[in-house]
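First comes the structure, then the notes that go with it.
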Amino acid sequence: EDMAAHVGASRTPQEVMEHYVSMYIHGNLGKACIPDIIPNRVTDHTCPSGGPLSPSLTMPLPPLDISVAEQQQLGYMPLRDDYEIEYDQDAETLISGLSVNYDDDDVEIELKRAHVDMYVRKLKERQRRKNIARDYNLVPAFLGKERRDKEKPLKRKITKEEKELRLKLRSLYQFMSCKEFDDFFENLHKEKILRTKIRELQRYRRNGITKMEESAEYEAARHKREKRKENKNISTSKRGKEDGKDGEFATIENLPGFELLSDREKVLCSSINLSPARYVTVKTIIIKDHLQKRQGIPSKSRLPSYLDKVLKKRILNFLTESGWISRDAS
């Protein structure tokens, strides 16, 4: 209105305003001087990000949903969201004896401020521990009745290896929220799946397969091969059981001289853990000595050093029972 009066009666206040906006704001001068986006240089110090003035540091958590008996067991006071015994129970002694006096010098004032700062830090540590316990549902887990949110979708089954890894990384709870921790393991699971898929695709490439439609035929053929191999192993195992050497002669059946033994000799060698070749050597020496003694020829042969008295006695008893040597000779 003042500008319209200054210009004269020929212009109304509305016309003066429209002229100013069109010429100086939306005109060339306005485009050159006024930026399109005016930055906001005001910093919000009250954001709940854990900053010095963050309300999240002093904002009480909702009370725990536990019974009266469980509250008494924990020493928990729900209306205050507090415990009878808190972390660093004696923290209040830092400020309980403080008082502001008019004759305090600068050193005493700074000392009292330091005490207050130490107390505030302890309060923050208490709240931090409560937040961790609430975030990871440690109280219900301690009471043995961990609650699950029915609205959340069912998670995948956790393997034994992942459980062991979670136990090893429990120290990260204080640095990560529960959601971040679960996302971390979900990403590890996805990484494992991707690595398995990459190895599978590399195996296809090594076998000359370059298209996914060809992989189905390859997998079907591979499954048939594995099935035939499995059936062959089963038949071999059954045949070995029928021959009495499946688990009984597993330690000696591949050693040289095994085919020269009778079934009873195989059982003997397996029971005393003696190789077939060594048994044949000992048997030859004993029978040769026996024949020489019967003919009146003195025996000069010596038994091998690996044959102790116990093994010698068992082999002699076996050869006697089998009729290879007489009882007098044994």
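Ion pairing between a basic and an acidic side chain is recognised when a charged N comes within 4.0 Å of a carboxylate O; Arg121 and Asp117 show such pairing. Look at Glu108 and Lys112 and you find no salt bridge, because none of the NZ, NE, NH1 or NH2 atoms lies under 4.0 Å from a carboxylate O. For Glu125 and Arg128, the salt-bridge test passes: some basic side-chain N is under 4.0 Å from an acidic carboxylate O.
Considering only residues two or more places apart in sequence or on other chains, Lys229 meets the side-chain hydrogen bond (donor to acceptor under 3.5 Å, both in side chains) condition with none of them. By the side chain to side chain contact (heavy atoms under 4.5 Å, CB included) test, Ser322 pairs with Arg264, Phe318, Trp324, sequence neighbours left out. Annotation: ring-ring contact (aromatic ring centres under 6.0 Å, His included) contacts of Phe184 (sequence neighbours excluded): none. Checked against side-chain hydrogen bond (donor to acceptor under 3.5 Å, both in side chains), Arg170 has no partners two or more places apart in sequence or in another chain.
Side chain of Glu70 to backbone of Ser67: a donor-acceptor contact under 3.5 angstrom is found. Using modelled atom types, one side-chain atom of Tyr136 and one backbone atom of Ser177 make a donor-acceptor pair closer than 3.5 Å.
Listed by first then second residue, pairs satisfying side-chain hydrogen bond (donor to acceptor under 3.5 Å, both in side chains) with a partner in residues 3-19 read Gln14-Glu18, not counting sequence neighbours. Note on residues 89-98: pairs passing salt bridge (charged side-chain N to carboxylate O under 4.0 Å, His left out), not counting sequence neighbours, are Glu92-Arg126.
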Legend entry - Derivation of the side chain to side chain contact (heavy atoms under 4.5 Å, CB included) call for Ile95 and Leu98: CA-CA 5 Å; Ile95 61 170; Leu98 292 183; 3.9 Å; yes
Inset, instruction - Given side chain to side chain contact (heavy atoms under 4.5 Å, CB included), test Glu161 with Lys192 step by step and report yes or no. - result: CA-CA 12 Å; Glu161 293 78 7; Lys192 185 178 180 182; 5.7 Å; no
